[in-house]
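Heads up, the thing below is written out as structure tokens.
Sequential numbering from 1 along the given sequence is applied to the chain's residues. Model, not experiment: these values are computed from the prediction.
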Amino acid sequence: MPETTPAYKEAKARYAALGVDADAALARLATLPVSLQCWQGDDVAGFESKDSKLQGGGLLATGDYPGAARSAQQLRQDLETALSLIPGKHRVNLHAIYGEFGGAVDRDQIELKHFQGWIDWAKARGLGLDFNPTYFSHPKAASGWTLSHADAEIRAFWVEHGKRCRRIAAAMGRQLGTPSVCNVWIPDGSKDQPADRQAPRQRLRASLDALFAESFPRTELIDTCEAKLFGLGSESYVTGSHEFYLGYAVSHGMSLCLDSGHFHPTELISDKISSVAEFVPSILLQVSRGVRWDSDHVVILDDELQSIARELVRGGLLDRSHLGLDYFDATLNRVAAWVIGTRSLQKALLMALLEPSARLKAFENAGSFHERLGWMEDLKALPWGAVWEEFCRVQGAPGDFEWLEKVRAYESTVQSKRSRD
């Protein structure tokens with residue numbers, strides 16, 4: 001491995017003059033895994049059947065860039081390629097439709113054996129796995145209602161699906177030695193104004209109580225629930241609102257998921273983190289990028305991503321947070337999409353770790369707001385990029401721009417040869 005570059009040595013000295021240990025920041029960043037969403041690799045099609053296609057649930061993958069994975073083997077190959085271009089050790093997040101079923105298996109019948117291949121793969125590579133029940137792309141979800149459906153039989157079907165997913169996730173955590181985060185999100189809602197907002201939420205609460213009835217140690221399974229403002233087909237009413245799930249999580253002592261694309265464009269989850277952290281044991285942050293609505297664009301190093309990272313670092317919340325991505329863009333190379341999003345989140349975390357937050361808080365407590373603001377602005381010009389390049393070097397990952405050449409080569413030798421069938 002090449003020696004530390006002069007650029008990093010100079011950057012390290014600049015930060016040291018402000019009381020920041022750049023080496024310590026790099027060491028901390030190396031301990032922060034990001035959970036890569038498997039569904040970016042195949043446009044949320046899954047492997048339930050040869051004809052699996054995304055349908056309903058307010059979800060829409062747009063674009064037709066060549067090279068999408070069409071089997072678990074291809075998807076794992078793509079993930080391995082992406083992970084080789086991202087510094088650090090990370091995780092993979094699976095939806096229930098990504099099992100290796102070998103035939104028709106309905107969702108209330110899925111078992112651990114359908115995901116053992118994923119577990120064995122992850123164990124061989126030192127990766128953690130996270131999991132999600134899949135409450136969309138199914139005939140029993142075609143109405144747009146699942147756990148809050150008026151039909152008790154349909155609710156029971158989806159409750160059983162959720163129970164089985166939790167057991168599978170707990171087994172993942174047990175076998176891999178790291179707890180699996182199992183996140184519940186449902187699309188339930190109404191396109192137009194409902195006459196009864198209360199009854200669906202009462203049914204959802206009862207369904208969740210049944211779904212979460214079985215207990216698992218938090219060393220194996222971490223349960224979370226995820227709200228949404230609206231989706232396609234549920235513009236006027238969503239059963240699982242932020243207020244509903246916040247109340248449920250707090251009253252049940254479970255974790256809460258905050259998805260950065262699931263709120264009104266004028267709402268920022270960076271402003272919610274410090275509030276919910278006072279009342280829940282941990283937070284799952286699913287980082288996305290909504291453009292005008294929950295459009296799931298690839299994550300970039302924008303202002304909100306930096307604000308999210310700063311809130312986690314300034315509040316000392318990194319050890320109580322689970323970091324993941326949630327987007328699916330089929331207009332560009334899917335491996336590149338993973339790499340861009342993950343590296344952007346890591347850069348935001350590094351910038352936050354390099355911030356002399358104690359000094360900023362001291363200015364604030366002293367009422368010297370001009371110094372606080374002045375430092376915040378001047379910090380933006382510091383050479384954090386040189387520190388990032390050092391992180392890539394130490395972790396054995398390609399630096400900026402270099403990784404794109406490897407994606408181009410992978411597309412040429414592997415992805416371009418995949419059949420559209």
Side-chain angles (χ1 to χ4, degrees), residues 29 32-44 59-63 65 78-79 81-95 130 132 181 183 185 224 226 228-229 257-265 267-273 283-313 317-318 321-353 384-385 388 391-392 397-398 400-401 403-404 407:
L29 184 60
L32 302 177
V34 177
S35 195
L36 276 66
Q37 75 289 25
C38 74
W39 50 94
Q40 167 57 47
D42 80 327
D43 312 330
V44 209
L59 305 173
L60 180 64
T62 56
Y65 198 91
D78 289 354
L79 281 162
T81 301
L83 289 165
S84 72
L85 305 177
I86 300 167
K89 185 68 73 173
H90 300 286
R91 306 174 65 87
V92 170
N93 194 7
L94 297 175
H95 248 287
D130 299 311
N132 307 261
V181 178
N183 182 49
W185 173 81
T224 68
E226 176 183 356
K228 191 167 186 176
L229 177 63
C257 174
L258 296 176
D259 186 306
S260 52
H262 281 197
F263 295 87
H264 190 277
E267 288 186 285
L268 302 175
I269 69 167
S270 58
D271 191 44
K272 301 179 185 297
I273 291 172
I283 302 171
L284 168 61
L285 293 167
Q286 288 200 341
V287 184
S288 181
R289 178 168 58 102
V291 177
R292 302 189 185 279
W293 66 292
D294 180 32
S295 47
D296 288 300
H297 286 63
V298 176
V299 167
I300 60 174
L301 189 60
D302 57 13
D303 289 344
E304 173 60 359
L305 187 65
Q306 294 177 57
S307 294
I308 290 170
R310 285 194 296 265
E311 284 300 307
L312 296 178
V313 173
L317 299 173
L318 288 173
S321 301
H322 310 281
L323 305 171
L325 304 174
D326 186 6
Y327 52 81
F328 36 95
D329 189 340
T331 67
L332 41 72
N333 184 288
R334 295 163 183 83
V335 169
W338 274 318
V339 179
I340 292 168
T342 310
R343 288 171 68 116
S344 293
L345 177 53
Q346 289 182 292
K347 288 176 180 178
L349 290 166
L350 177 60
M351 294 172 72
L353 290 167
W384 65 268
W388 166 255
F391 183 63
C392 292
D400 286 353
F401 303 105
W403 67 266
L404 281 163
V407 169

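Annotation for Leu350 and Trp384: closest pair CD2-O, 4.2 Å, computed over non-hydrogen atoms. Residues Ala337 and Leu332 share a closest heavy-atom pair of CB-CD1, 3.5 Å. Smallest separation of non-hydrogen atoms from Cys392 and Arg343: SG-NH2, 3.7 Å. Counting all heavy atoms, side chain and backbone alike, Tyr327 lies closest to Leu325 at OH-CD1, 3.7 Å. Considering every non-hydrogen atom in both Cys257 and Asn183, the closest pair reads CB-OD1, 3.5 Å.
Of the possible polar contacts, one joining the Glu304 side chain to the Ser270 backbone as a donor-acceptor pair under 3.5 Å is found. Listed for the Arg289 side chain is a donor-acceptor partner under 3.5 Å among the backbone atoms of Val298. Counting only distance, with no hydrogens or angles, the side chain of Gln40 and the backbone of Gln37 share no donor-acceptor pair below 3.5 Å.
With values rounded to the nearest 0.5 angstrom, Thr224 atom OG1 is found 4.5 Å from Leu284 atom CG. The distance from atom CG of Leu268 to atom CD1 of Ile308, rounded to the nearest 0.5 Å, is 8.5 Å. Between the CG atom of Leu305 and the CZ atom of Arg310 there is a distance of 10.0 Å, given to the nearest 0.5 Å. Distance check: Lys347 NZ to Ile300 CD1 gives 11.5 Å after rounding to the nearest 0.5 Å. With rounding to the nearest 0.5 angstrom, the NZ atom of Lys272 is 12.0 Å from the CD1 atom of Ile283.
Two residues are said to be in side-chain contact when any heavy atoms from C-beta on lie closer than 4.5 Å; Trp403 and Val335 fail this criterion. Proximity of Ile86 to Gln346: side-chain heavy atoms (C-beta onward) are separated by under 4.5 Å at one or more points. Looking only at side-chain heavy atoms (C-beta outward), Leu349 and Leu323 come within less than 4.5 Å of each other. Side-chain contact between Asp294 and Leu229 is absent, with no heavy atoms from C-beta onward closer than 4.5 Å. You'll find the side chain of His90 reaches within 4.5 Å of the side chain of Leu83, heavy atoms only. You'll find the side chain of Leu285 reaches within 4.5 Å of the side chain of Leu312, heavy atoms only. Trp39 has its side chain out of reach of Asp296: every pair of non-hydrogen atoms, C-beta onward, lies at least 4.5 Å apart.
Paired with Arg334 under the rule side-chain hydrogen bond (donor to acceptor under 3.5 Å, both in side chains), one option of Asp329, Asp43, Asp42 passes, and it is Asp43. The only option from Asp130, Thr342, Asn93 that meets the side-chain hydrogen bond (donor to acceptor under 3.5 Å, both in side chains) definition with Ser35 turns out to be Asp130.
Around CG of Asp302, the count of heavy atoms belonging to other residues, nucleotides or ligands within 6.0 Å exceeds 12.
Relative orientation of the His262 and Trp185 rings is tilted, given thresholds of 30° and 60° on the angle between their planes.
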Please lay out, stage by stage, how Asn132 and Glu226 fare under the test side chain to side chain contact (heavy atoms under 4.5 Å, CB included). CA-CA 11 Å; Asn132 307 261; Glu226 176 183 356; 5.7 Å; no
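For the 3.5 Å distance criterion, the side chains of Asp326 and Ser288 fail to qualify, holding no donor opposite an acceptor. With 3.5 Å as the limit, one finds no donor-acceptor pair spanning the side chains of Trp338 and Asp78.
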